[in-house]
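Data block below; observations after.
These figures come from a predicted structure and were not determined experimentally. For the single chain, residues carry numbers from 1 onward in sequence order.
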Amino acid sequence: MGRFVIAEQGGTTRRRAPFFRTKKLAIIGCTLSRKYAPWHDPSWTIVTHCSARQWCEREPDWYMDLHPRSCFGKEAKSWNPKYYTWLQNLQTPIFMQEPWPDIPMAVRYPRERILAEFRAYFTNHCAWMIALGMTEGVHTVGLFGCQYGAASE
């Protein structure tokens, strides 16, 4: 398991469009290639799903959890038994389906804007983040640790 260090950027990320502070976007997943992520290069904006947090070498600029509320409104997650409480106390912005009042750092993902520009073929968080990056003017996207194993993804 990697070490987790709080970075200066975390909670200072923009909470409205444009969301990313750089033109390079690193999307971090849970598989081993995450070790190649540009953790200490400030020219990259780092986004990860909350389940990859335990392996982050610094606080990401953004988290994402685009699942419906029924998936995060309960505590028990195999990777975080206190997930809902953690979301409520999070100090880093997180893209979610809605800006939930009980999750102060939740930022509504601009789904309608993305679907107006791209065909509706999104099967995982990485696809949604890549599309958002493209609409934000990102010119480099890196996928680190994002080797999906399920046929549904």
Side-chain angles (χ1 to χ4, degrees), residues 1-2 4 7 9-10 13-39 41 43-84 86-88 90 92-100 102-103 105-153:
M1 187 170 351
F4 187 76
Q9 291 297 328
T13 304
R14 299 175 194 173
R15 294 193 58 193
R16 60 182 181 275
F19 297 108
F20 305 132
R21 62 181 174 76
T22 70
K23 297 298 179 191
K24 295 197 280 188
L25 178 62
I27 301 170
I28 313 298
C30 293
T31 63
L32 291 177
S33 65
R34 69 184 178 270
K35 68 182 179 182
Y36 300 109
W39 295 111
D41 183 343
S43 69
W44 288 81
T45 296
I46 294 183
V47 178
T48 186
H49 185 273
C50 302
S51 61
R53 177 188 180 268
Q54 62 186 324
W55 295 292
C56 291
E57 292 186 24
R58 75 164 177 85
E59 181 72 7
D61 298 292
W62 283 92
Y63 284 104
M64 59 181 154
D65 188 338
L66 301 175
H67 292 110
R69 186 173 188 87
S70 60
C71 291
F72 66 83
K74 52 189 173 212
E75 292 287 3
K77 294 282 189 190
S78 60
W79 41 269
N80 187 340
K82 300 276 188 186
Y83 184 55
Y84 180 65
W86 180 79
L87 284 173
Q88 292 176 306
L90 189 60
T92 300
I94 179 171
F95 284 114
M96 300 189 93
Q97 288 187 8
E98 298 294 332
W100 306 107
D102 53 330
I103 302 171
M105 295 304 282
V107 175
R108 187 179 186 282
Y109 181 87
R111 186 174 192 269
E112 294 78 14
R113 174 168 58 115
I114 299 305
L115 292 176
E117 272 196 62
F118 301 97
R119 65 188 178 117
Y121 184 74
F122 296 94
T123 59
N124 59 55
H125 282 83
C126 291
W128 288 106
M129 285 299 112
I130 291 168
L132 181 59
M134 291 172 69
T135 67
E136 297 276 318
V138 167
H139 60 67
T140 304
V141 175
L143 299 173
F144 305 92
C146 297
Q147 293 80 18
Y148 286 98
S152 64
E153 298 178 302

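- Nearest heavy atom pair, residue Trp39 against residue Arg58, reads O-NE, 2.9 Å.
- Residues satisfying the side-chain hydrogen bond (donor to acceptor under 3.5 Å, both in side chains) criterion with Thr140, sequence neighbours excluded, are absent altogether.
- For the pair Pro93 and Tyr63, the minimum side-chain heavy-atom distance is 4.5 Å or more.
- For Gln97 against Pro68, the heavy-atom pair with the smallest separation is NE2-N, 3.5 Å.
- Cys50 SG to Leu87 CG: the interatomic distance, rounded to the nearest 0.5 Å, is 5.5 Å.
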Could you check Ile103 against Leu90 for side chain to side chain contact (heavy atoms under 4.5 Å, CB included), going step by step and ending with a plain yes or no?
-> CA-CA 8 Å; Ile103 302 171; Leu90 189 60; 5.7 Å; no
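- Shown here are the side-chain hydrogen bond (donor to acceptor under 3.5 Å, both in side chains) partners of Ser43, two or more places apart in sequence or in another chain: Lys24, Asp41.
- Atom CZ of Phe95 and atom NE2 of His125 lie 11.5 Å apart (nearest 0.5 Å).
- Contact detail for Val141 and Val138: the closest heavy-atom pair is CG2-CG1, 3.9 Å.
- A 4.5 Å side-chain heavy-atom check between Leu143 and Ile130 finds at least one atom pair inside the cut-off.
- Here the closest non-hydrogen pair linking Phe72 and Trp100 is CZ-NE1, 3.3 Å.
- Every ring pair (Phe, Tyr, Trp, His ring centres under 6.0 Å) that Trp128 has, sequence neighbours left out, goes to Tyr109, Phe122.
- Sorted by first and then second residue, the salt bridge (charged side-chain N to carboxylate O under 4.0 Å, His left out) pairs with a member in residues 125-141 read Arg113-Glu136; sequence neighbours excluded.
- With sequence neighbours excluded, the residues forming a side chain to side chain contact (heavy atoms under 4.5 Å, CB included) with Ala26 are Ile28, Pro38, Trp44, Ile46, Phe144, listed by chain and number.
- Considering only heavy atoms from C-beta on, Asp61 comes within 4.5 Å of Arg21 through its side chain.
- Pairing each heavy atom of Ile27 with each of Met64, the nearest pair is CG2-CE, 3.9 Å.
- The nearest pair of heavy atoms linking Thr48 to Pro60 is CG2-CG, 3.3 Å.
- In this structure Glu112 satisfies the salt bridge (Lys or Arg N to Asp or Glu O under 4.0 Å) test together with Arg108, sequence neighbours excluded.
- In this structure, Arg111 has no salt bridge (Lys or Arg N to Asp or Glu O under 4.0 Å) partners at least two apart in sequence or on a different chain.
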